[in-house]
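Here the structure comes first, spelled out in structure tokens, and everything after it is commentary.
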Amino acid sequence: MTQRTLPTTAVPESGSARRLLCRGQALAATGAALPAGAAAMADPALTGLVLTAAASVLYVAVIAFKVLLTYGHDRSHVMRFGPGELPPDDELPVYTVLVPLYRESNILRALLERLAALDYPHDRRQILLLVEEDDEETRDALPGELPPGFEVVVISAGHPRTKPKACNVGLRHARGEFCVIFDAEDQPEPLQLRKAVAAFRSSPRWMVCVQAELQYWNPWTNWLTRCFAAEYAHNFGLFLHGLDRFRLPIPLGGTSNHFRTSALRDLGAWDPYNVTEDADLGIRIARRGWSVRMMESVTLEEANCRLGNWLRQRSRWIKGYCQTWLVHMRAPVRLWRELGPRGFAAFQLAVGFSTLTTLLNPIFWAMTALYLIAGSGPIAGLFPGPVLYTAVASMLAGNLLLMHGYMAGCLERGLHAAVRTMLFVPVYWALMSVAAYRALWQLLRPSRRHYWELTEHGLIDA
């Protein structure tokens, strides 16, 4: 194995999550906090009412946006290719597969078998196994002789220890016209690379990324995996298709996103300090005026069946969404110009405000419980009669529609037995709020801000 050194990322400092806030954001936050604090001291009741009303409007806007895209999706816009439309071997370019690994010795053999089964000529595929320098257990588990087309790239130790850092190193050695990321537990459809080539060949050059659909192969392990599978069914089966249909920015999933390699390099590749580098890259693609499309090809993954493992993973995702929102909001006027009004609004609702509502959920639920127990007296100052009933009706209707959206996603994916589980999906949303506050705590701590919490794979047999 040849040790490789880490290149300096091409993502500019102004577009990196290395800093939490830029100077302008820090000044703006201070400028907003001071008058808000003064107003709260002068008239706490009125200030509380204004903040509650603003939060309620935001909450309704996020739910309305999700409902609109869920029920406005159209699978006919998704790129799909039959066997007769796929390019033959002699027309296929070199394709690079990036596979970041860390402490994956227990599933490494199965992973190599799945990657070797990809229906793509051995002499035209380059599969780069990205292994951390100090990950002796994974390196020891590698076979002495790898299958044709496989290479090992050793990632030197150093801060940050993240998946995007490893992918940036791998990209330096990529020879393919196109490239894709697969995670260690992934089971991609064997024809997926050929379908991605067909998608790129049939599209203009400014279509620089296609996102395959993600599903879970173990939805029936327990209640948590059923909810997780339903969430993915809703997200990849309905919501992202809605974004695709209306040509809105698509926050990429962490795996099975295929790129034109030259465009990826031109963008500066991944931000090694962002722990949801995929979502950040999707927004940067949109800001460049390029596009992401959804492709009908499935990659199966392992759904977390243990609560602690799920919380660690979800906290990282939410922390990364916060990083992505803060990074792109460093210059909001420029962001508005580059995304346009529709794209700007979609970014706020899909990335920033949706995370905020996850933090607000426990507060609204507590207010609802207080109202049911003690009546309107304790919250009358925050929710005058008309506002209270409007907010409660909106919250109930919105959450019921989202619950129905999860059910629709289950039906779309054939997860019929999980439909009744969605009656208890608010408990799953409450767990998301726990993860959100955990993510916020990490984000505010410099030592944990860029920490990549490892998701343990291979918890059950495939």
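At least one side-chain heavy atom of Met403 sits less than 4.5 Å from a side-chain heavy atom of Pro426. Residues Lys66 and Leu69 form no side-chain contact, since every pair of their non-hydrogen atoms from C-beta on lies 4.5 Å or further apart. Taking the side chain as every heavy atom from C-beta outward, Phe259 and Leu267 never approach each other to under 4.5 Å. Using a 4.5 Å heavy-atom cutoff, the side chains of Pro93 and Val197 are in contact. Side-chain atoms of Leu193 and Asp119, non-hydrogen and from C-beta on, never get closer than 4.5 Å to each other. Between Leu108 and Leu142 there is a side-chain heavy-atom pair separated by less than 4.5 Å. Taking the side chain as every heavy atom from C-beta outward, Leu423 and Met407 approach each other to under 4.5 Å. Residues Leu129 and Leu112 form a side-chain contact, since some pair of their non-hydrogen atoms from C-beta on lies under 4.5 Å apart.
Atom OH of Tyr437 has more than 12 heavy atoms from other residues, nucleotides or ligands within 6.0 Å. Within a 6.0 Å radius of CD in Glu136, no more than 12 heavy atoms belonging to other residues, nucleotides or ligands are found.
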Fill in: Glu296 vs Phe81, side-chain contact (heavy atoms from CB on, under 4.5 Å): CA-CA, chis, key distance, verdict
CA-CA 8 Å; Glu296 191 177 75; Phe81 302 93; over 6 Å; no
Discussion item. For a salt bridge (Lys or Arg N to Asp or Glu O under 4.0 Å) check, start with the C-alpha distance between Lys195 and Glu189, then their side-chain angles and the critical distance, and finish with the verdict.
Written reply: CA-CA 10 Å; Lys195 289 185 176 181; Glu189 177 196 3; 2.9 Å; yes
Item to complete: Could you go through the side-chain contact (heavy atoms from CB on, under 4.5 Å) check for Tyr59 and Phe353 one step at a time?
Response: CA-CA 8 Å; Tyr59 196 94; Phe353 296 164; over 6 Å; no
Practice prompt. Let me see the working for Ile250 and Gln211 under side-chain contact (heavy atoms from CB on, under 4.5 Å), right down to the final yes or no.
Written response: CA-CA 9 Å; Ile250 295 180; Gln211 171 72 65; 5.5 Å; no
Item to complete: Decide ring-ring contact (aromatic ring centres under 6.0 Å, His included) for Tyr428 and Trp310; before the verdict, give the C-alpha distance in whole Å, the side-chain angles of both, and the deciding distance to 0.1 Å.
Response: CA-CA 11 Å; Tyr428 184 72; Trp310 181 91; 5.3 Å; yes
Discussion item. Under the criterion side-chain hydrogen bond (donor to acceptor under 3.5 Å, both in side chains), I'd like the reasoning laid out for Thr162 against Glu277: C-alpha separation, chi angles, the key distance, then a yes or no.
Written reply: CA-CA 10 Å; Thr162 61; Glu277 77 295 335; over 6 Å; no
Worksheet item: Hey, mind stepping through Leu440 and Cys322 against side-chain contact (heavy atoms from CB on, under 4.5 Å) and telling me if it holds?
Response: CA-CA 8 Å; Leu440 183 62; Cys322 291; 5.8 Å; no
Practice prompt. Apply the test side-chain hydrogen bond (donor to acceptor under 3.5 Å, both in side chains) to residues His241 and Glu213: give CA-CA distance (whole Å), side-chain angles for both, the deciding distance (0.1 Å), then the verdict.
Written response: CA-CA 10 Å; His241 291 171; Glu213 297 186 16; 3.1 Å; yes
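In summary, the side chains of Thr96 and Gln126 do present a donor paired with an acceptor at a separation below 3.5 Å, with no hydrogens or angles considered. Thr70 and His234 form a side-chain donor-acceptor contact under 3.5 Å, judged by distance and modelled atom types alone. When only modelled atom types and interatomic distance are considered, Gln442 and Ser315 share no side-chain donor-acceptor pair under 3.5 Å.
Rounding to the nearest 0.5 Å gives a distance of 14.5 Å between OH of Tyr406 and NE2 of His404. Residue Arg80 holds its CZ atom at 11.5 Å from CE of Met294, rounded to the nearest 0.5 Å. In this structure, CH2 in Trp270 is found 9.0 Å from NZ in Lys163, a value given to the nearest 0.5 Å. Taken from CG in Leu111 to CD in Gln187, the straight-line distance is 10.0 Å, to the nearest 0.5 Å. A distance of 11.0 Å separates CG of Asp183 from CG of Leu98, quoted to the nearest 0.5 Å. Rounding to the nearest 0.5 Å gives a distance of 8.5 Å between CG of Leu454 and CZ of Arg316.
Glu91 places no side-chain N or O within 3.5 Å of a backbone atom of Pro88 that could act as its donor or acceptor partner. Judged purely by atom type and a 3.5 angstrom limit, Ser297 has no side-chain atom pairing as donor or acceptor with the backbone of Ala212. A donor-acceptor pair is defined here as one N or O able to donate and one able to accept, closer than 3.5 Å; no such pair exists between the side chain of Asn309 and the backbone of Asn304. For the pair Arg293 (side chain) and Ser203 (backbone), a donor-acceptor distance under 3.5 Å is absent. Judged by distance alone, with hydrogens and angles left aside, the side-chain atoms of Thr138 form a donor-acceptor pair with the main-chain N or O of Glu104 at under 3.5 Å. The main-chain N or O of Asp89 is found under 3.5 Å from a side-chain atom of Arg124 such that the two form a donor-acceptor pair. Between the side chain of Gln323 and the backbone N or O of His450, no donor-acceptor pair lies under 3.5 Å. Side chain of Asp271 to main chain of Ala17: a donor-acceptor pair is present (N/O by atom type, distance under 3.5 Å, no hydrogens or angles). The closest donor-acceptor contact from the side chain of Arg449 to the backbone of Leu443 lies under 3.5 Å. In terms of modelled atom types and a separation under 3.5 Å, the side chain of Arg265 and the main chain of Leu171 share a donor-acceptor contact.
For the pair Asp266 and Arg288, the salt-bridge criterion is met [side-chain N within less than 4.0 Å of a carboxylate O]. Between Arg114 and Asp186 there is no salt bridge, since no side-chain N of the basic residue sits under 4.0 Å from a carboxylate O of the acidic one. Under 4.0 Å is where a charged nitrogen must lie from a carboxylate oxygen, and between Arg103 and Asp135 no such pair does.
Taking the six-membered ring for Trp and thresholds of 30 and 60 degrees, Phe236 and Tyr232 have ring planes inclined between 30 and 60 degrees apart.
Taking Asp134 as the reference, Arg161 meet the salt bridge (charged side-chain N to carboxylate O under 4.0 Å, His left out) condition, with sequence neighbours excluded. Looking at residues two or more places apart in sequence or on another chain, you find no salt bridge (charged side-chain N to carboxylate O under 4.0 Å, His left out) involving Arg109.
For Ser202 against Met79, the heavy-atom pair with the smallest separation is OG-CE, 3.9 Å. Closest approach of Leu243 to Pro249, counting heavy atoms only: CD1-O, 3.7 Å. Taking every heavy atom of both residues into account, Gly253 and Asp278 meet most closely at C-OD2, 3.1 Å. Across Arg245 and Gly72, no two heavy atoms sit closer than the pair NH1-O, 2.5 Å. Here the closest heavy-atom approach between residue Ala184 and residue His457 is recorded as CB-ND1, 4.4 Å. Between Glu85 and Ala198, the closest heavy-atom pair is O-CB, 4.1 Å.
Checking each of Arg125, Arg201, Arg260 against Glu177 for a salt bridge (Lys or Arg N to Asp or Glu O under 4.0 Å) leaves exactly one that passes, namely Arg201. For the side-chain contact (heavy atoms from CB on, under 4.5 Å) with Asp280, the qualifying choice from Asn274, Val11, Leu252 is Asn274, the only one to do so.
Sorted by first and then second residue, the ring-ring contact (aromatic ring centres under 6.0 Å, His included) pairs with a member in residues 93-129 read Tyr95-Tyr120, Tyr95-Phe178, Tyr95-His258; sequence neighbours excluded.
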